[in-house]
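Convention: sequence-line order gives letters A, B, ...; per-chain numbering from 1. Please read these numbers as outputs of a predicted model, since none were measured by experiment.
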Number of protein chains: 2
Amino acid sequence: MEETDRAILSALADDGRQSYTDLAEKVGLSVSAVHQRVRRLEQRGVIRGYAARLDHEALGLPLTAFVAIRPIDPSQPDDAPERLADLPEIEACYSVAGDDFYLLLVRVASPADLERLLQEIRKAANVATRTTVVLSTPYEGRPPQIR
Amino acid sequence: MEETDRAILSALADDGRQSYTDLAEKVGLSVSAVHQRVRRLEQRGVIRGYAARLDHEALGLPLTAFVAIRPIDPSQPDDAPERLADLPEIEACYSVAGDDFYLLLVRVASPADLERLLQEIRKAANVATRTTVVLSTPYEGRPPQIR
DNA sequence: AATGAAATTCTCAAATC
DNA sequence: GATTTGAGAATTTCATT
């Protein structure tokens with residue numbers, strides 16, 4: 001990874017909607033050179049896309065939790081991620097080493113909604129759940145180390 | 001939250017860099033009406049910003065882990081998040097209910113780097129760590145439920 | 001990687017519903 | 001109060017050097 005590309009990626013991680021004009025000034029290249037580099041980073045898959053960063057609280061989803069899940073019957077096929085994929089409260093699903101099989105990151109409006117979601121998760125994937133409620137989020141979504 | 005705003009937020013969560021022209025077509029309004037709504041959503045803090053979604057593997061950070069931390073000495077002031085804030089491998093820090101105090105999401109290049117990072121975390125914040133390695137990520141960063 | 005030019009988009013005013 | 005129209009400014013995009 002080259003110096004200029006790193007600068008471009010850092011700038012776009014911080015503000016994904018800034019103009020190529022601004023980007024060009026920051027990295028010290030012409031607009032078209034920056035444009036070409038961004039195109040290449042997109043095509044190489046280093047940049048996977050762009051997303052608005054939305055405020056969960058403002059969207060009415062102030063409650064975040066981690067839900068560790070484990071199959072009730074470990075002999076059954078393990079297709080929990082697919083079975084849970086259309087529950088929109090689930091932001092992420094990680095397959096993990098250790099006692100549990102998957103770790104889910106979920107966002108809900110209230111404890112009542114969390115209770116309902118946990119029931120849905122257990123039913124949909126035939127799993128036991130262990131939930132860790134998030135009390136506050138000192139920081140989240142920080143840009144990855146670019147080197 | 002109004003129907004049109006929800007459509008705008010969904011579209012921008014999916015592609016944060018699309019033009020107002022495209023957005024306007026999707027939500028069935030004029031370009032300037034969409035522009036004004038987006039401005040308002042930004043000012044209200046519903047849209048907190050825009051970010052490029054970067055590929056950790058392409059950036060040379062193929063190893064993800066969750067690190068639960070707990071103070072060695074619970075009588076000391078609890079300022080772990082600030083003490084850990086300048087470790088760039090830490091993408092997120094959640095304060096959680098339960099046995100642990102904080103849950104960190106970290107990205108590193110290798111098991112050796114994870115080992116080094118854990119030592120740094122323990123030293124910087126005077127904490128014990130319990131680490132859960134992520135084996136794969138069925139999905140991550142899905143858009144929040146917008147209603 | 002830079003230049004230059006055409007096509008598109010952004011931005012903001014005033015007018016309209 | 002929200003949306004549309006219209007026009008000038010800025011940006012994106014691409015061919016050429």
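The stretch residues 18-36 of chain A comes close to DNA chain D through S19(A), Y20(A), T21(A), V31(A), S32(A), H35(A), each having a heavy atom under 4.0 Å from the strand.
Nucleotides of DNA chain C nearest to R17(A) and R37(A) differ in position, and the one nearer the 5' end is that of R37(A).
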Do any side-chain atoms of residues 110-130 of chain B form donor-acceptor pairs under 3.5 angstrom with protein atoms, and if so which ones, sequence neighbours left out?
from, atom 1, to, atom 2, distance (Å)
S110(B), OG, A112(B), N, 3.4
S110(B), OG, D113(B), N, 3.1
D113(B), OD1, R116(B), NH2, 2.1
R122(B), NH1, T129(B), OG1, 2.9
R130(B), NH2, D100(B), OD2, 2.4

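Here the straight-line distance linking atom CZ of R40(A) with atom CG of D5(A) works out to 7.5 Å at 0.5 Å rounding.
Under the 4.5 Å side-chain criterion, counting only non-hydrogen atoms from C-beta, V106(B) is not in contact with T64(B). Using a 4.5 Å heavy-atom threshold, the side chains of V96(B) and F101(B) count as separate.
Under the 4.0 Å criterion applied to side-chain N and carboxylate O atoms, E140(A) and R48(B) are not assigned as salt-bridge partners.
Regarding R39(A), its CZ atom lies at a distance of 6 Å from the P atom of dC14(D), rounded to whole Å.
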